[in-house]
Amino acid sequence: MKYHSKAPVKISLLTKQLASVGSVRALAWDPDKRLLFSGSFDESIIIWDIGGNQGTAFELHGHLSKVQDLCYAPHAKKLISCSEDGIVRIWDMNVKRQETPEWSQSDVCERCGGPFFWNFKAMWNQRAVGVRQHHCRKCGRAVCNDCGGKESSYPILGYENSVRMCVECHESVTDDERLPLADLHDAKHTTRSMHLDLTKGRLLTCGGDRIVKIWDIKAILLS
């Protein structure tokens, strides 16, 4: 049987993109918006806009350990994620989010001009000791610790927990912008897998401690 020549190309490109984010543990699919969700061992969730054909990818950061499983409720537009950190998060996919910025490549701090530790020429010219490079999660600039030592959540970029920001970006974030866009629920054990029953509004979670929990999430799915 012969296959259409374009299909393998699309699959291989998608596989290459997914592999670039780390070891992917779980996948979920939104058939309406044609969004693919991938949960990774690097603690992140990526939203791949397959239907938009623009190569757009949004990041969600709400866990402090490996993302183990994902479930999606298409009628409610809610994504559910679980992790080894014992947290179950419910993400509102009706929210319009922003793409995370590209990280700058620089040999000096883009705020104060101090050299990073590998920039021997600048260290010699400035008679300065090189410092470690960091990146602001809001603007993507390369900064030193003094210029980028602030922390804040920024849910519109997917950061539900506090992340590193430069001084200017930290001062620009308002209290309203820090309001969470994902519900947090403590499963009180390491959750390994989930199953969502949309007809009954029940979520089943299974932990590494051999405990199975049944959650009534009808109210959450209707909110």
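In what follows, every heavy atom counts, from backbone to side chain, and hydrogens, waters and symmetry copies are set aside.
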Visitor: For N94 versus A76, what's the shortest heavy-atom pair and its separation?
Guide: ND2-O, 4.0 Å
Visitor: Under 6.0 Å from the CD1 atom of I214, do we count more than 12 heavy atoms belonging to anything else shown?
Guide: no
Visitor: For the OG atom of S83 and the CZ atom of R89, what is their distance to the nearest 0.5 Å?
Guide: 10.0 Å
Visitor: As an exercise, state the distance from SG of C109 to CD of Q133, rounded to the nearest 0.5 Å.
Guide: 9.5 Å
Visitor: Only one of E59, E99, M93 passes side-chain contact (heavy atoms from CB on, under 4.5 Å) with I47; say which it is.
Guide: M93
Visitor: Show me the pairs that pass side-chain hydrogen bond (donor to acceptor under 3.5 Å, both in side chains) and involve residues 181-195, at least two apart or across chains.
Guide: H189-D209
Visitor: Do the charged groups of R111 and D146 touch, with an N to O distance under 4.0 Å?
Guide: no
Visitor: More than 12 heavy atoms of other residues, nucleotides or ligands under 6.0 Å from NZ of K150: is that the case?
Guide: no
Visitor: Could you pull out all donor-acceptor pairs under 3.5 Å where a side-chain atom in residues 65-72 meets a protein atom, sequence neighbours excluded?
Guide:
residue	atom	partner	partner atom	Å
S65	OG	E84	OE1	3.4
Q68	OE1	R25	NE	3.2
Q68	NE2	E84	OE2	2.8
D69	OD2	M194	N	2.8
Y72	OH	D30	OD2	2.9

Visitor: Between D92 and K78, does at least one N-O distance fall below 4.0 Å, as a salt bridge requires?
Guide: no
Visitor: State the NE2-CG distance between H61 and D42, to the nearest 0.5 angstrom.
Guide: 7.5 Å
Visitor: How far apart are the closest heavy atoms of S23 and S40, and which atoms are they?
Guide: O-OG, 3.2 Å
Visitor: If you compare all heavy atoms of P74 against all heavy atoms of D32, which two are closest, and at what distance to 0.1 Å?
Guide: O-OD2, 4.3 Å
Visitor: Is there a continuous path of hydrophobic side-chain contacts, each under 4.5 Å between heavy atoms, that joins I217 to V88?
Guide: yes
Visitor: My understanding is that a hydrophobic cluster links ILVMFWY residues whose side chain heavy atoms are under 4.5 Å apart, including indirect links. Using that, what else belongs to the cluster containing I87?
Guide: L184
Visitor: What is the distance from atom CG of N145 to atom NE2 of H134, rounded to the nearest 0.5 Å?
Guide: 4.5 Å
Visitor: Tell me the closest heavy-atom pair linking V108 and G113, and the distance in Å.
Guide: CB-O, 3.6 Å
Visitor: side-chain contact (heavy atoms from CB on, under 4.5 Å), that's the test. Do W48 and I46 meet it? Break it down for me.
Guide: CA-CA 6 Å; W48 306 87; I46 309 295; 3.3 Å; yes
Visitor: List the residues meeting side chain to side chain contact (heavy atoms under 4.5 Å, CB included) with R141, not counting sequence neighbours, and say none if there are none.
Guide: E110, C139, V143, C166, E168
Visitor: Would you kindly confirm whether I45 and L35 end up in one hydrophobic cluster when ILVMFWY residues are joined by side chain heavy atoms under 4.5 Å apart?
Guide: yes
Visitor: Would you say F58 ends up clustered with L60 if hydrophobic residues are merged whenever their side chains have heavy atoms under 4.5 Å apart, either directly or through other cluster members?
Guide: yes
Visitor: Work out which heavy atom in W91 is nearest to a heavy atom in A182; give both atom names and the distance.
Guide: CE3-CB, 3.5 Å
Visitor: Which pair of heavy atoms, one from G201 and one from L221, lies closest together, and at what distance?
Guide: CA-CD1, 4.4 Å
Visitor: Which Ile, Leu, Val, Met, Phe, Trp or Tyr residues join Y159 in one cluster when any pair of side-chain heavy atoms under 4.5 Å counts as a link?
Guide: Y154, I156, L157, V163, M165, V173
Visitor: Apply side-chain contact (heavy atoms from CB on, under 4.5 Å) to the pair N161 and E151, showing each step before the final yes or no.
Guide: CA-CA 9 Å; N161 300 319; E151 289 191 354; over 6 Å; no
Visitor: For residues R137 and W103, determine if any side-chain heavy atom of one lies less than 4.5 Å from a side-chain heavy atom of the other.
Guide: yes
Visitor: Residues in side-chain hydrogen bond (donor to acceptor under 3.5 Å, both in side chains) with S152, at least two apart?
Guide: R178
Visitor: For the hydrophobic clusters of this structure (ILVMFWY residues joined by side-chain heavy atoms under 4.5 Å, transitively), does one cluster hold both L36 and V24?
Guide: yes
Visitor: Under the side-chain contact (heavy atoms from CB on, under 4.5 Å) criterion, do L203 and I220 qualify, and how do the steps go?
Guide: CA-CA 11 Å; L203 178 70; I220 295 175; over 6 Å; no
Visitor: Carefully, step by step, assess D85 and E43 under the rule side-chain contact (heavy atoms from CB on, under 4.5 Å).
Guide: CA-CA 10 Å; D85 59 8; E43 305 171 7; over 6 Å; no
